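No experiment lies behind these values; they were computed from the predicted model shown. All chains are named by letter (A, B, ...) in the order of the sequence lines, taking the proteins before the strands, and each is independently numbered beginning at 1.
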Protein chains: 2
Amino acid sequence: MPEARATILVVEDDPEIRRFVCSALAAEGHKVVESANARRGAIDATTHRPDVAIVDLGLPDFDGLEVIRGIRRWSPMPVIVLSARSREHAKIEAFDAGADDYVTKPFGVGELLARVRVALRHAVRPASGEGALRLGPSTIDLVARRATRDGAEVHLTPTEFRLVGCLAKHAGMVVSHKQLLGEVWGPTHLADTHYLRIYMKQLRDKLEADPLRPRHFITETGVGYRLLADDPA
Amino acid sequence: MPEARATILVVEDDPEIRRFVCSALAAEGHKVVESANARRGAIDATTHRPDVAIVDLGLPDFDGLEVIRGIRRWSPMPVIVLSARSREHAKIEAFDAGADDYVTKPFGVGELLARVRVALRHAVRPASGEGALRLGPSTIDLVARRATRDGAEVHLTPTEFRLVGCLAKHAGMVVSHKQLLGEVWGPTHLADTHYLRIYMKQLRDKLEADPLRPRHFITETGVGYRLLADDPA
DNA sequence: CCCCTTTTTGATGGCATCTTTACGGGGCAG
DNA sequence: CTGCCCCGTAAAGATGCCATCAAAAAGGGG
């Protein structure tokens, strides 16, 4: 049984469409979280921290736009809108609220799945372009979710992967504590800088040649952390 | 200073649609590169290095998919497909060839522009050295929070960065003591001008070729300081 | 139901950064 | 010449952040 390729949140009130979408996603090997209204969607987003969110606009309690804005306050996760509103203005409004894609009903599953693939591509693509990073004796392949050190496979936990992924997306640049905490642990843990220290140590122990003198997982005191990858050039 | 907000490549054979799209993009302040066929599109992509590419699929010489695949061999730039083919299979094929978005004709300009904004949001990966200042032997990259001197990395503390950033925002002009103190240390330290002296010395020691004779961190006696950067022209 | 993995919490020591204090030097006016 | 003001230089103390160790709590799979 292959590990779930990704966690995907589906916020949709129509039970028929929801089942339809979720089973298609599950068939692709994804772990799916379902929410029937905006309030639950917002909660599930923070608790499950999905890799991609699919959000309907016409929800019974609040407008789906509010869900998107709520997510955007703490995470850049890809958001795909799934809506019956086909007017151009609705699309523009959704995009400017932070949506990354917009699919109008009726839609084809194949297209939706393809757009999810694109979103996942964006979510893991590091700044250096390639899927695999080289860090001295170690390599990290974000798309395959694998890491090696001196040729041997190193096991990284989901949280560890999330963290390296977040750092790798901005390779070479400093990523602030708040941003890391928001993307990895959700908006309820923005103050728990402690988690960062612990997981940084684990990553350094697993991937750095000399964990006591890290050369790739650099700490920027008072600001955040930075991942320095070797130039593949 | 209407500097182009981004460079956008439009590969489209229909002259009418091309003019339509390009003028809309230009009106948004973008620099636009136009190509009428696949061969020129592939060439223009490599020579102009656009931030986003908009590609039609039905081109006279080759299929637009080939343009996308060609780009994907060397660049992760966002590619938006603009096509009359509305069949689902065509979309899936385009996405899996590397497209990031798919708009079917007929389309609304507003929606296209919104999708371009989304693509630019994704592309905002200012290659390190893009927003960098050059000061003789040193460089300062404010977005990556990184500084180098003679090619070697120089570490700057948070306040040092805030100070440089404050000076850089008004590069070439005098920034008063009060303004610097207010922006860096807050309104409660407007009188602590000696902070400036201390941190200026640290910056000069770290970044000036001859710290005793500063050429970039200039003191304006009785007024404030000024940052002289080399023209990146 | 139990065990293993993963996540979270707690406590301690060390270090980087910021702040504070002190002294030397040059320009200018009296 | 001398005192004042402003700037540069140096170094020590305080604070808060970070690394590390240790271990309990939560979750998931067999």
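Residue contacts for T159(B): at a heavy-atom cut-off of 4.0 Å it reaches the sugar-phosphate backbone alone, with no base atom in range. Among the atoms of the strands shown, none is found under 4.0 Å from any heavy atom of H189(B). Among the protein residues, L212(A) comes within range of the sugar-phosphate backbone only, with heavy atoms under 4.0 Å from sugar or phosphate atoms but none that close to a base.
In this model, a donor atom of one side chain and an acceptor atom of the other lie less than 3.5 Å apart for T148(A) and T139(A).
Distances shown here put a side-chain N or O of R197(A) below 4.0 Å from the OP1 or OP2 atom of dC18(D). Of the side-chain N and O atoms in R204(B), one or more sit less than 4.0 angstrom from OP1 or OP2 of dG8(D). Residue Y199(B) places no side-chain N or O under 4.0 Å from the OP1 or OP2 atom of dC7(D). For dC7(D), the OP1/OP2 oxygens have no side-chain nitrogen or oxygen of T221(B) closer than 4.0 Å. A sub-4.0 Å separation between OP1 or OP2 of dT8(C) and a side-chain N or O of W185(A) is present. Applying the 4.0 Å criterion to OP1 and OP2 of dC6(D), one finds that Y225(B) has every side-chain N and O outside that range.
The aromatic rings of Y199(B) and W185(B) sit perpendicular to each other, their planes meeting at more than 60°, with 30° as the lower class boundary.
Two residues, K201(A) and H177(A), neighbour DNA chain D, and the one matched to the more 5' nucleotide by heavy-atom proximity is H177(A).
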